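Below: one structure, written as structure tokens.
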Amino acid sequence: MNNQYLIDAGFEVCQKQEGFSELSGPFYEKKQGGYWLRALVIEAKHLNPEGVVHGGVLLSMTDYIVYRAIGDEITHDIQFATINLNTQFLAAAKLGDVIYGKGKITRKTHSVIFAEGELYTNERPIMSGTGIWKIIGR
Ligand SMILES: CC(C)(COP(=O)(O)OP(=O)(O)OC[C@H]1O[C@@H](n2cnc3c(N)ncnc32)[C@H](O)[C@@H]1OP(=O)(O)O)[C@@H](O)C(=O)NCCC(=O)NCCSC(=O)Cc1ccccc1
């Protein structure tokens, strides 16, 4: 697959992906039902020397999609930073795969947000993650 596949499927280039997120993407997004689905088409630059997706790509995508999912719920007018992210590498992804990601808030308190996310292809789950985001500015 390539990025045109996502555009044809109704995705648009993600908002808020400056800096490293842009470098590790490009990520695409589409509103589906009540939530935003985000996606990445795997290119050669995302692979490790063994020819599968580098773990750092999956970690940063999980961080990104949960960060964005939190923003979807509480807006990005509030600043929050990842202070914990636990992940499981469930399966390898390969060149040309489309990885989809979605996240949600599990619990929000005055100063921290507990949240979770998952990455998957059309064939199988790729990564699951849970983490904590610290609210650092309003
Ligand atoms: C968060 C805290 C508990 C401090 O909390 P408090 O007890 O309230 O702290 P205090 O009042 O003592 O000082 C405030 C401190 O907060 C720092 N700061 C300000 N703004 C930001 C900011 N926006 N992001 C991160 N840190 C920021 C500021 O430099 C100052 O530190 P310093 O004065 O140098 O000491 C601490 O564990 C920590 O900073 N951990 C590292 C967290 C970290 O770096 N995570 C990875 C990046 S998040 C990410 O990438 C998600 C993402 C994904 C995709 C796309 C986009 C985003």
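Quick note: numbers below take in every heavy atom, side chains included, and nothing from hydrogens, waters or symmetry partners. Predicted model, so just to flag it, every value in this text is computed and none were measured.
P125 has its side chain out of reach of E118: every pair of non-hydrogen atoms, C-beta onward, lies at least 4.5 Å apart. The side-chain heavy atoms of W133 and V66, taken from C-beta on, include a pair separated by under 4.5 Å. With contacts defined as side-chain heavy-atom distances shorter than 4.5 Å, the pair I132/L85 does not qualify. Using a 4.5 Å heavy-atom cutoff, the side chains of Y120 and K102 are in contact. Two residues are said to be in side-chain contact when any heavy atoms from C-beta on lie closer than 4.5 Å; S60 and F20 meet this criterion. Between I70 and F80 the shortest side-chain heavy-atom distance falls below 4.5 Å. Between V41 and L6 the shortest side-chain heavy-atom distance falls below 4.5 Å. No side-chain heavy atom of E116 sits less than 4.5 Å from a side-chain heavy atom of I105.
Between atom CD of residue Q32 and atom CZ of residue R38 there is a gap of 12.0 Å, rounded to the nearest 0.5 Å. A distance of 15.0 Å separates CZ of F114 from NZ of K104, quoted to the nearest 0.5 Å. Atom-to-atom distance recorded for W36:CH2 and E29:CD is 5.0 Å, nearest 0.5 angstrom. Taking CD1 of I135 as the start and OG1 of T109 as the end, the distance is 6.5 Å to the nearest 0.5 Å.
Two different hydrophobic clusters hold L37 and M127 under the rule that ILVMFWY side chains link at heavy-atom gaps under 4.5 Å. Hydrophobic clustering, with ILVMFWY side chains joined whenever heavy atoms are under 4.5 angstrom apart, keeps L23 apart from F27. One hydrophobic cluster, built from ILVMFWY side chains closer than 4.5 Å, holds both I78 and Y64. Under the 4.5 Å side-chain heavy-atom criterion for grouping Ile, Leu, Val, Met, Phe, Trp and Tyr, L95 is connected to M61 within one hydrophobic cluster. Cluster membership check: Y100 does not share its hydrophobic cluster with L90, using side-chain heavy-atom separations under 4.5 Å among Ile, Leu, Val, Met, Phe, Trp and Tyr.
Aromatic ring orientation, Y67 versus H76: tilted (interplanar angle from 30° to 60°).
Taking A91 as the reference, R124, I126 meet the side chain to side chain contact (heavy atoms under 4.5 Å, CB included) condition, with sequence neighbours excluded.
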For residues 46-59, run the donor-acceptor check on the side chains, cut-off 3.5 Å, and write out each pair with its distance to 0.1 Å, sequence neighbours left out.
{"unit_1": "H46", "atom_1": "ND1", "unit_2": "E43", "atom_2": "N", "d": "2.9"}
{"unit_1": "H46", "atom_1": "NE2", "unit_2": "S24", "atom_2": "O", "d": "3.0"}
{"unit_1": "H46", "atom_1": "NE2", "unit_2": "G25", "atom_2": "O", "d": "3.2"}
{"unit_1": "N48", "atom_1": "OD1", "unit_2": "E50", "atom_2": "N", "d": "2.8"}
{"unit_1": "N48", "atom_1": "OD1", "unit_2": "G51", "atom_2": "N", "d": "3.1"}
{"unit_1": "N48", "atom_1": "OD1", "unit_2": "V52", "atom_2": "N", "d": "3.3"}
{"unit_1": "H54", "atom_1": "ND1", "unit_2": "G56", "atom_2": "N", "d": "2.8"}

### Query
Are V98 and L40 close enough, and set up right, to give a side chain to side chain contact (heavy atoms under 4.5 Å, CB included), and what steps lead you there?
CA-CA 6 Å; V98 180; L40 173 70; over 6 Å; no
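For the residue pair I99 and A93, the shortest heavy atom distance occurs at CD1-CB, 3.7 Å. Nearest heavy atoms, I113 versus K108: CG1-CG, 4.0 Å.
Applying the side chain to side chain donor-acceptor pair (under 3.5 Å) test to every pair with at least one member in residues 3-23, sequence neighbours left out, gives these pairs: Q4-D8.
For the pair T82 (side chain) and N84 (backbone), a donor-acceptor distance under 3.5 Å is absent.
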